[in-house]
Protein chains: 2
Amino acid sequence: MKARSPHIDEQHLTEQLGATGLRLTPQRQQVYDVLRHKRDHPTAEEVFIRAKKTMPDISHATVYNCLDALVKSGLARQVTLDRGATRYCPNMHEHGHFHCDSCQTVFDVDLPAQAMKLPKGFKADHFDIAIHGVCADCAKKK
Amino acid sequence: MKARSPHIDEQHLTEQLGATGLRLTPQRQQVYDVLRHKRDHPTAEEVFIRAKKTMPDISHATVYNCLDALVKSGLARQVTLDRGATRYCPNMHEHGHFHCDSCQTVFDVDLPAQAMKLPKGFKADHFDIAIHGVCADCAKKK
DNA sequence: CCGCACTTTAGAATTGTTCTAAATCTTGAC
DNA sequence: GTCAAGATTTAGAACAATTCTAAAGTGCGG
């Protein structure tokens with residue numbers, strides 16, 4: 001086997017983090033490696049457990065910090081944004097939700113009618129669509 | 001003013017709940033009224049606070065129960081499904097997530113390329129799309 | 001070498017949700 | 001009506017996920 005790179009794309013990591021004013025630390029490297037290694041959308045807790053295997057002293061809070069750092073620098077995504085409480089709505093018509101990141105309001109928006117193409121055999125039951133951005137009012141103010 | 005209906009669409013509520021084997025109770029009525037009254041996607045906590053205004057003895061747990069009952073009978077929706085821990089993924093390519101409700105696996109799926117039409121002036125930053133259903137494997141097994 | 005800003009750490013605190021056990025309400029059978 | 005069975009509500013405890021806090025560690029520029 002050829003000299004394997006101990007970490008995935010170290011250069012890239014440093015750059016992306018740097019652009020956000022953050023450093024590449026061993027812990028962030030590790031957390032990123034975990035995410036890249038098994039692409040099964042782990043929870044923070046799962047990342048913590050996996051990271052511990054090669055870095056036994058890493059702490060819970062650090063994993064959260066690192067995930068945050070990665071998300072901030074565009075190296076990873078939170079699959080379910082919208083931290084915090086679940087919200088409810090009585091509008092049963094198929095629709096999506098637009099979250100204004102500036103004023104925090106949630107607007108109902110029409111769905112793009114069409115079926116998005118799914119892999120063969122998959123049966124969609126229902127869609128949950130959240131769009132993040134800035135609403136008309138806030139866009140004007142800025 | 002004409003005799004106002006004390007509650008919204010009582011008949012409909014009874015039917016929908018009944019179809020799921022549930023009863024229409026004053027608390028469920030109240031929680032539903034709260035949802036219908038101000039359509040701002042309140043959290044369970046907010047529903048609790050609002051419901052308390054006209055039904056001071058309603059309890060926290062009951063609000064959760066009622067919301068659950070309403071969701072089960074198709075009278076309301078949870079805006080952010082996916083109770084529990086936030087998940088992360090390092091796939092930065094625009095994509096959606098398909099959750100198999102049977103085996104709990106999360107699959108990446110392509111997005112329906114197109115811009116969904118947003119109200120004028122709204123600026124989308126990014127989309128967060130979750131599709132719930134059954135994956136090919138599980139569909140076969142059943 | 002020093003100071004400063006960034007990080008990590010352990011553990012406590014907070015928040016959102018679910019569970020538990022007891023009390024209460026409904027409903028249908030008698 | 002009366003009663004039992006089952007559904008529902010309640011208060012509060014328990015739990016889970018996340019964030020906060022304060023102290024210690026790290027590393028780079030001067």
Side-chain angles (χ1 to χ4, degrees), chain A residues 10 13-34 41-52 54-73 75-88 104 106, chain B residues 10 13-14 16-34 41-52 54-73 75-88 104:
Chain A
E10 186 165 331
L13 267 182
T14 310
E15 272 167 24
Q16 291 279 114
L17 284 165
T20 329
L22 300 166
R23 288 185 199 140
L24 175 57
T25 65
Q27 288 86 346
R28 285 171 185 168
Q29 180 87 256
Q30 172 66 17
V31 166
Y32 189 62
D33 285 357
V34 165
H41 309 79
T43 63
E45 183 64 22
E46 282 160 354
V47 172
F48 175 58
I49 290 166
R50 292 178 201 172
K52 255 183 131 60
T54 41
M55 190 180 270
D57 286 344
I58 197 168
S59 91
H60 213 167
T62 300
V63 169
Y64 278 96
N65 287 346
C66 293
L67 287 169
D68 237 49
L70 294 175
V71 171
K72 276 213 197 80
S73 4
L75 288 158
R77 285 226 181 137
Q78 285 185 300
V79 170
T80 299
L81 294 177
D82 222 9
R83 310 254 196 153
T86 309
R87 291 169 179 283
Y88 295 83
Q104 308 305 322
V106 181
Chain B
E10 187 165 329
L13 267 181
T14 309
Q16 291 279 116
L17 284 165
T20 329
L22 299 166
R23 289 183 198 143
L24 174 56
T25 65
Q27 288 85 347
R28 284 174 184 164
Q29 179 87 257
Q30 172 66 17
V31 165
Y32 189 62
D33 285 356
V34 165
H41 307 80
T43 63
E45 183 65 23
E46 284 159 352
V47 172
F48 175 58
I49 291 166
R50 293 178 201 171
K52 255 183 130 63
T54 41
M55 191 180 269
D57 286 343
I58 197 168
S59 92
H60 214 169
T62 300
V63 169
Y64 277 95
N65 287 347
C66 292
L67 287 169
D68 239 48
L70 293 175
V71 171
K72 277 214 197 78
S73 3
L75 288 158
R77 285 226 182 136
Q78 283 184 302
V79 170
T80 298
L81 294 178
D82 222 10
R83 310 254 195 153
T86 309
R87 291 170 179 283
Y88 294 84
Q104 308 304 322

Rounded to whole angstroms, how far apart are [atom1] on [X] and [atom2] on [N]?
| X | N | atom1 | atom2 | value |
| --- | --- | --- | --- | --- |
| Leu67(B) | dT17(C) | CG | P | 10 Å |
| Arg28(B) | dC25(C) | CZ | P | 16 Å |
| Lys52(B) | dT9(D) | NZ | P | 15 Å |
| Glu45(A) | dA16(D) | CD | C1' | 9 Å |
| Leu22(A) | dT8(C) | CG | P | 10 Å |
| Phe48(A) | dT18(D) | CZ | P | 13 Å |

For the residue pair [X] and [Y], what are the closest heavy atoms and their distance?
| X | Y | result |
| --- | --- | --- |
| His60(B) | Glu45(B) | NE2-OE1, 3.1 Å |
| Ser73(A) | Thr20(A) | CB-OG1, 3.1 Å |
| Thr54(B) | Gln30(B) | OG1-NE2, 2.6 Å |
| Ala44(B) | Val63(B) | O-CG1, 3.7 Å |

- Message: Side chain of Tyr64(B) only, heavy atoms from C-beta on: which candidate in dT18(C), dT7(C), dT8(D) is closest?
- Response: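 The answer is dT18(C), which lies nearest to the side chain.
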- Task: Determine yes or no for a side-chain-to-main-chain donor-acceptor pair under 3.5 angstrom, with Arg28(B) supplying the side chain and Leu70(B) the backbone.
- Result: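 Looks like no, no N/O pair under 3.5 Å.
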- Query: Under 4.0 Å: is that the gap between some side-chain N or O of Thr25(B) and OP1 or OP2 of dC25(C)?
  - Reply: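 Answer is no, no contact under 4.0 Å.
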Can you tabulate the close N/O pairs, meaning under 3.5 Å, that link protein atoms to atoms of nucleotides 10-13 of chain D?
unit_1  : atom_1 : unit_2   : atom_2 : d
dT10(D) : OP1    : Asp57(B) : O      : 3.3
dT10(D) : OP2    : Ser59(B) : N      : 3.3
dT10(D) : OP2    : Thr62(B) : OG1    : 2.6

- Stepwise, does the side-chain contact (heavy atoms from CB on, under 4.5 Å) test hold for Val31(A) with Gln27(A)? CA-CA 6 Å; Val31(A) 166; Gln27(A) 288 86 346; 5.6 Å; no
- Query: Got Arg50(A) and Val47(A) here, is their nearest side-chain heavy-atom distance under 4.5 Å?
  - Reply: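 No, side chains not in contact.
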Nucleotide N/O to protein N/O under 3.5 Å, stretch nucleotides 22-30 of chain D:
none

- Applying side-chain contact (heavy atoms from CB on, under 4.5 Å), run through Leu75(A) and Leu17(A) and close with a yes or a no. CA-CA 8 Å; Leu75(A) 288 158; Leu17(A) 284 165; 4.1 Å; yes
- Mind checking the CG-CG spacing from Asp68(B) to Leu22(B)? Nearest 0.5 Å is all I need.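 The distance works out to 9.5 Å.
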